[in-house]
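Notes for the one structure printed next.
What you see is a predicted model; the values in this text were computed from it and never measured.
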Amino acid sequence: MQISTGWKPQMKFAASEAQVAALVQECMVTLEPDEWSKLPASCQSRFPATREEIMSCAVDLARAELTYGGDPRVKDLLFRMASAFREASGQCRQLYIEGRLRDQRRAAKPPRDLMP
């Protein structure tokens, strides 16, 4: 059970939700079909593509990892996936906050053509 970690250093530099989603998908494609089937059903249906889907999978994976009591290898997989999605979720949150702040600054500035 191997999850690619090559995307992890890039996560901090993802400049958009689309880049975060692409990195998450890069991580997920490293799963074998039998590993994929062990993920929570809500995370199996498709690759998360939006901030909300990434955050939802992060919660679902954390919950699954905390409540899982079976095979230690599966528990480890759930832990690693939950960690990956926690990082992605944090980056999505950071990008959202930065976008909101940028929008607020733009709204506070008068248009240049109205400036004396």
Side-chain angles (χ1 to χ4, degrees):
M1 294 183 185
Q2 187 69 322
I3 295 175
S4 169
T5 57
W7 59 271
K8 221 171 179 181
Q10 299 173 41
M11 187 61 69
K12 288 186 249 180
F13 301 107
S16 69
E17 285 181 29
Q19 288 179 350
V20 173
L23 290 168
V24 164
Q25 292 169 12
E26 180 182 320
C27 174
M28 293 182 81
V29 298
T30 64
L31 295 176
E32 297 294 328
D34 67 315
E35 295 172 320
W36 186 264
S37 68
K38 292 173 175 75
L39 296 178
S42 59
C43 298
Q44 288 180 19
S45 59
R46 61 186 161 85
F47 289 140
T50 66
R51 175 181 70 244
E52 292 81 8
E53 291 170 350
I54 291 168
M55 292 177 154
S56 177
C57 276
V59 170
D60 291 345
L61 284 162
R63 183 180 301 117
E65 188 262 328
L66 290 170
T67 59
Y68 186 78
D71 183 343
R73 293 173 298 169
V74 174
K75 177 91 168 172
D76 183 57
L77 170 68
L78 290 169
F79 172 78
R80 288 182 284 130
M81 290 300 293
S83 295
F85 272 81
R86 184 174 49 251
E87 294 240 357
S89 181
Q91 183 63 14
C92 283
R93 184 176 58 74
Q94 184 63 33
L95 290 168
Y96 176 77
I97 291 168
E98 289 171 3
R100 294 285 302 212
L101 291 173
R102 193 171 36 253
D103 291 347
Q104 288 174 355
R105 284 192 295 269
R106 278 191 209 132
K109 288 183 182 178
R112 290 182 185 254
D113 59 341
L114 297 178
M115 295 174 71

Are [X] and [Y] packed together at the side-chain level, in the sense that at least one heavy-atom pair is separated by less than 4.5 angstrom?
| X | Y | value |
| --- | --- | --- |
| E26 | L23 | yes |
| R93 | M55 | yes |
| C27 | F85 | no |

Could you check whether any side-chain N or O of [X] sits under 3.5 Å from a backbone N or O of [Y], counting only pairs where one atom can act as donor and the other as acceptor?
| X | Y | answer |
| --- | --- | --- |
| Q91 | V20 | no |
| E87 | A84 | no |
| E65 | L78 | no |

[Y] reachable from [X] in the ILVMFWY side-chain graph, under 4.5 Å edges:
| X | Y | value |
| --- | --- | --- |
| V59 | L77 | no |
| Y96 | V24 | no |
| M11 | V29 | yes |
| L61 | L31 | yes |
| I54 | F79 | no |

Value rounded to 0.5 Å, distance of [atom1] in [X] from [atom2] in [Y]:
| X | Y | atom1 | atom2 | answer |
| --- | --- | --- | --- | --- |
| E53 | T50 | CD | OG1 | 3.5 Å |
| L101 | R106 | CG | CZ | 11.5 Å |
| E52 | C57 | CD | SG | 12.0 Å |
| Q19 | C92 | CD | SG | 11.0 Å |

Hey, mind stepping through R100 and D103 against salt bridge (charged side-chain N to carboxylate O under 4.0 Å, His left out) and telling me if it holds? CA-CA 5 Å; R100 294 285 302 212; D103 291 347; 5.9 Å; no

Is a donor from one side chain sitting under 3.5 angstrom from an acceptor on the other, for Q94 and E98?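 Q94 vs E98: donor-acceptor pair found between side chains.
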
Does one side chain, of R80 or S83, offer a donor that lies under 3.5 Å from an acceptor on the other?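 Side chains of R80 and S83: no pair found under 3.5 Å.
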
Between D60 and R63, does any NZ, NE, NH1 or NH2 come within less than 4.0 Å of an OD or OE carboxylate oxygen?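 Looking at R63 and D60, the cut-off is met.
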
Closest non-hydrogen atoms of Q25 and P48, given as atom of the first, atom of the second and distance, are NE2-O, 3.3 Å

Nearest heavy-atom approach of Y68 to K75 is O-NZ, 3.4 Å

